[in-house]
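What follows is a single structure, written as structure tokens, with notes after it.
Position 1 is the first residue of the sequence, and the numbers go up from there.
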Amino acid sequence: MSANSSNGDIENLLFIMANLPGFLKLSVCRKKVKELMEMNESEKKETIARSLTSINLINQDKLVELTKTWMKVISEIEPDELTKLLYIYLLILDDVKLFNKIDGKLILNIFHSLEEGERIKLLVCLKEAVFLNPTRGEILKKIPADLVKVILN
């Protein structure tokens, strides 16, 4: 997912990844996370925004599987890097209208389906990302209440 890719490339890649068997999806996601982590912050923002903008093109069942795999893979990143990545996701939430495309309860269900260690790491890093953001109050208003409850508890 290079920031220099066209929107069509990202859409095609997401569609392909969503339709891969689980073991291949995991491998490809790991490769893409590695590439993402090597980008500078503006490239990360652009790539993540373009990816999230394209998610409504994926069948919901496939999107659930892909999102779960993505969450599993990002939970493997070092905590400080994961916090920075989640911070970027928070910055672009409103720009990509994420919660108009995917139900917050669906994200919560996917999150709860992860292993406990994965959930704890993601949650701790997400809390750090929220509280490091000077506009955290505004960001929390843009997140569905069910998700905010999980973040703040």
Side-chain angles (χ1 to χ4, degrees), residues 1-130 139 142-144 146-151:
M1 284 187 278
S2 163
N4 297 324
S5 300
S6 73
N7 280 339
D9 291 345
I10 289 177
E11 291 170 359
N12 290 336
L13 179 60
L14 286 173
F15 182 79
I16 290 167
M17 288 173 61
N19 288 290
L20 287 172
F23 72 97
L24 285 175
K25 192 178 303 172
L26 188 62
S27 175
V28 172
C29 280
R30 282 185 176 130
K31 182 176 189 274
K32 294 303 170 189
V33 166
K34 186 176 187 279
E35 290 174 12
L36 184 65
M37 298 314 296
E38 292 171 353
M39 294 177 185
N40 65 42
E41 187 173 337
S42 66
E43 291 172 324
K44 284 178 187 174
K45 280 182 188 175
E46 181 183 343
T47 300
I48 292 168
R50 290 167 60 190
S51 297
L52 292 175
T53 300
S54 302
I55 64 171
N56 58 336
L57 302 172
I58 300 171
N59 168 294
Q60 185 157 332
D61 292 336
K62 299 287 185 183
L63 181 60
V64 166
E65 293 173 29
L66 182 58
T67 303
K68 182 175 180 176
T69 303
W70 189 256
M71 285 182 181
K72 287 175 95 43
V73 170
I74 65 170
S75 75
E76 296 171 357
I77 311 172
E78 290 299 317
D80 60 325
E81 291 299 316
L82 179 55
T83 298
K84 291 175 191 173
L85 182 65
L86 293 172
Y87 183 85
I88 292 170
Y89 273 91
L90 292 172
L91 291 177
I92 62 172
L93 275 179
D94 199 39
D95 294 342
V96 299
K97 309 288 185 232
L98 180 64
F99 296 110
N100 293 345
K101 295 176 184 171
I102 188 168
D103 183 17
K105 290 179 184 175
L106 182 64
I107 293 173
L108 199 51
N109 289 339
I110 296 167
F111 173 77
H112 285 301
S113 74
L114 297 170
E115 294 179 21
E116 182 179 9
E118 296 164 338
R119 286 193 316 267
I120 290 170
K121 185 174 182 182
L122 285 169
L123 191 55
V124 167
C125 292
L126 181 58
K127 285 180 182 187
E128 287 178 9
V130 167
I139 287 174
K142 298 171 185 171
I143 298 173
D146 293 348
L147 293 173
V148 171
K149 260 196 246 181
V150 170
I151 294 169

Sidechain-backbone polar pair: Ser113 side chain, Ile110 backbone, donor-acceptor under 3.5 Å: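 At least one qualifying donor-acceptor pair exists.
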What's the separation between atom [atom1] in [X] and atom [atom2] in [Y], rounded to the nearest 0.5 Å?
X: Lys25; Y: Trp70; atom1: NZ; atom2: CH2; value: 13.0 Å
X: Glu41; Y: Leu85; atom1: CD; atom2: CG; value: 10.5 Å
X: Lys44; Y: Asn40; atom1: NZ; atom2: CG; value: 8.0 Å
X: Ile151; Y: Ile139; atom1: CD1; atom2: CD1; value: 10.0 Å

For Ala18, side chain to side chain contact (heavy atoms under 4.5 Å, CB included) partners two or more places apart: Ile58, Lys62, Leu66
Salt-bridge criterion met for Lys32 and Glu35 (N-O under 4.0 Å): yes
List the atom pairs, donor and acceptor, that lie under 3.5 Å between side-chain atoms in residues 92-106 and the rest of the protein, sequence neighbours left out.
unit_1, atom_1, unit_2, atom_2, d
Lys97, NZ, Asp94, O, 3.2
Lys101, NZ, Thr53, O, 3.3
Lys101, NZ, Val96, O, 3.1
Asp103, OD1, Lys105, N, 3.3

Side-chain donor-acceptor contacts of residues 71-79 below 3.5 Å, not counting sequence neighbours, with atom names and distances?
unit_1, atom_1, unit_2, atom_2, d
Lys72, NZ, Glu118, OE1, 3.3
Lys72, NZ, Glu118, OE2, 3.0
Ser75, OG, Lys72, O, 2.6
Glu76, OE1, Arg30, NE, 2.9
Glu76, OE2, Arg30, NE, 3.4
Glu76, OE2, Arg30, NH2, 2.7

Those residues that, when tested against Glu38, pass side-chain hydrogen bond (donor to acceptor under 3.5 Å, both in side chains) (two or more places apart): Lys34
Of all pairs that satisfy salt bridge (charged side-chain N to carboxylate O under 4.0 Å, His left out), the ones with a partner from residues 80-91, not counting sequence neighbours: Glu81-Lys84
Residue from Leu90, Thr83, Leu147 passing side-chain contact (heavy atoms from CB on, under 4.5 Å) with Leu126: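 It is Leu90; the other options fail the test.
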Test salt bridge (Lys or Arg N to Asp or Glu O under 4.0 Å) applied to Lys68 - qualifying residues, sequence neighbours left out: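 None.
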